[in-house]
*Asks:* 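Have a look at this one before I ask anything.
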Amino acid sequence: MNLTTRRNLPCGILYAIMIAFLFAPGVIEAQTCRVSDGLASDGSHAYKEVFEYDFVDVKPTFPGGNEALMAYVNKTRQYPAEAYEKGLEGRVTCSFVVNADGNISHLKVIKGSYKQFNIEAMRILAEMPNWIPGRQGDRCVPVRVIHCIPFRK
């Protein structure tokens with residue numbers, strides 16, 4: 001076995017494992033994550049199990065689709081005056097959960113920018129109308145969505 005073959009061996013093994021999982025029916029299920037749901041009645045931390053956006057059969061959608069979402073963000077966004085005067089720009093990456101009834105909860109800034117941009121991004125998301133919920137199989141399920149809000153002059 002030469003050096004080239006030896007280097008490619010681990011990749012070949014990983015490739016074979018990936019193919020086995022992709023074509024094994026019923027083995028792979030939707031991926032879920034836990035989001036904090038505050039405190040339980042006994043004072044312990046409570047968590048909510050939600051599906052990840054890329055692992056549901058039907059992804060949640062903003063009413064009217066992505067174009068309507070961008071129009072909503074552009075119409076609702078208020079550029080912070082202080083940031084505008086300083087010439088600041090940025091992007092705020094947020095996550096939120098689209099619940100089974102379509103309402104939004106568990107808002108969180110994942111990667112922030114200027115503090116006023118973070119606050120404005122959270123306000124925009126908190127005021128969003130209900131989404132069309134995601135589906136896993138034949139039932140609506142809570143799904144975590146990640147979305148960026150841009151701030152450009």
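Source: prediction; values computed, not measured. If you read the sequence from its start, that first residue is 1, and numbering goes on from there.
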*Asks:* Under a plain distance cut-off of 3.5 Å, with no hydrogens placed, do Glu89 and Tyr114 share a side-chain donor-acceptor pair?
*Replies:* no
*Asks:* Tell me whether the count of non-hydrogen atoms from other residues, nucleotides or ligands lying under 6.0 Å of CZ in Arg91 goes above 12.
*Replies:* no
*Asks:* Considering all heavy atoms of both residues, which atom of Val143 and which atom of Gly134 are nearest to each other, and what is their separation?
*Replies:* CG2-CA, 4.2 Å
*Asks:* With distance as the sole test, does Glu120 use its side chain to make a donor-acceptor pair with the main-chain N or O of Pro80 at under 3.5 Å?
*Replies:* no
*Asks:* Does Arg77 reach the main-chain N or O of Ala121 with its side chain, forming a donor-acceptor pair under 3.5 Å?
*Replies:* no
*Asks:* Under 4.5 Å between side-chain heavy atoms, hopping through other hydrophobics if needed: is there a path connecting Tyr84 to Phe117?
*Replies:* yes
*Asks:* Return the CG to CE distance between Leu69 and Met128, rounded to the nearest 0.5 Å.
*Replies:* 6.5 Å
*Asks:* Mind checking the CG-CZ spacing from Asp54 to Arg144? Nearest 0.5 Å is all I need.
*Replies:* 10.0 Å
*Asks:* Applying side-chain contact (heavy atoms from CB on, under 4.5 Å) between Ser95 and each of Ile110, Val109, Leu125, report the one that passes.
*Replies:* Ile110
*Asks:* Hey, could you give me the CG/NE2 distance between Asn66 and His147, rounded to the nearest 0.5 Å?
*Replies:* 8.0 Å
*Asks:* Please name the pair of heavy atoms, one in Glu49 and one in Pro142, separated by the smallest distance, quoted to 0.1 Å.
*Replies:* O-CG, 3.9 Å
*Asks:* Where the side chain of Asp57 meets the backbone of Gly137, is there a donor-acceptor pair that is under 3.5 Å apart?
*Replies:* yes
*Asks:* Start with the C-alpha gap between Ile124 and Ile149, add the side-chain angles, then the distance that decides, and say whether side-chain contact (heavy atoms from CB on, under 4.5 Å) holds.
*Replies:* CA-CA 9 Å; Ile124 292 167; Ile149 307 286; 4.1 Å; yes
*Asks:* Please report the closest heavy-atom contact between Ile132 and Pro63, naming both atoms and the distance.
*Replies:* CD1-CA, 4.5 Å
*Asks:* Taking the side chain as C-beta and beyond, is there a heavy-atom pair between Lys115 and Ile119 under 4.5 Å?
*Replies:* yes
*Asks:* Is the count of non-hydrogen atoms from other residues, nucleotides or ligands lying under 6.0 Å from Glu127 atom CD greater than 12?
*Replies:* yes
*Asks:* Would you please classify the geometry between the Tyr72 ring and the Phe62 ring as parallel, tilted or perpendicular, with 30° and 60° separating the classes?
*Replies:* tilted
*Asks:* Would a single hydrophobic cluster contain both Val145 and Met122, if residues Ile, Leu, Val, Met, Phe, Trp and Tyr are joined by side-chain heavy-atom contacts under 4.5 Å?
*Replies:* yes
*Asks:* Verify, without hydrogens or angle tests, whether Asn118 (side chain) and Ser113 (backbone) share a donor-acceptor contact under 3.5 angstrom.
*Replies:* yes
*Asks:* Verify side-chain contact (heavy atoms from CB on, under 4.5 Å) between Phe55 and Gln136, making sure each step is shown before the conclusion.
*Replies:* CA-CA 9 Å; Phe55 294 95; Gln136 183 63 26; over 6 Å; no
*Asks:* Closer than 3.5 angstrom, by distance alone: can the side chain of Asp101 be matched with the main-chain N or O of Asn103 as a donor-acceptor pair?
*Replies:* yes
*Asks:* Roughly how far apart are Lys59 NZ and Trp131 CH2, rounded to 0.5 Å?
*Replies:* 11.5 Å
*Asks:* side-chain contact (heavy atoms from CB on, under 4.5 Å) for Ile146 and Cys94? Distances and angles first, verdict last.
*Replies:* CA-CA 6 Å; Ile146 296 174; Cys94 302; over 6 Å; no
*Asks:* His106 vs Val50, test: side-chain contact (heavy atoms from CB on, under 4.5 Å). Steps then yes/no.
*Replies:* CA-CA 11 Å; His106 298 85; Val50 298; over 6 Å; no
*Asks:* Measuring from Phe151:CZ to Gln116:CD, what's the distance to the nearest 0.5 Å?
*Replies:* 10.0 Å
*Asks:* How close do Arg139 and Phe51 get, heavy atom to heavy atom, and via which atoms?
*Replies:* NH2-CZ, 4.1 Å
*Asks:* Can you tell me how far SG of Cys140 sits from CG of Asn99, rounded to the nearest 0.5 angstrom?
*Replies:* 11.0 Å
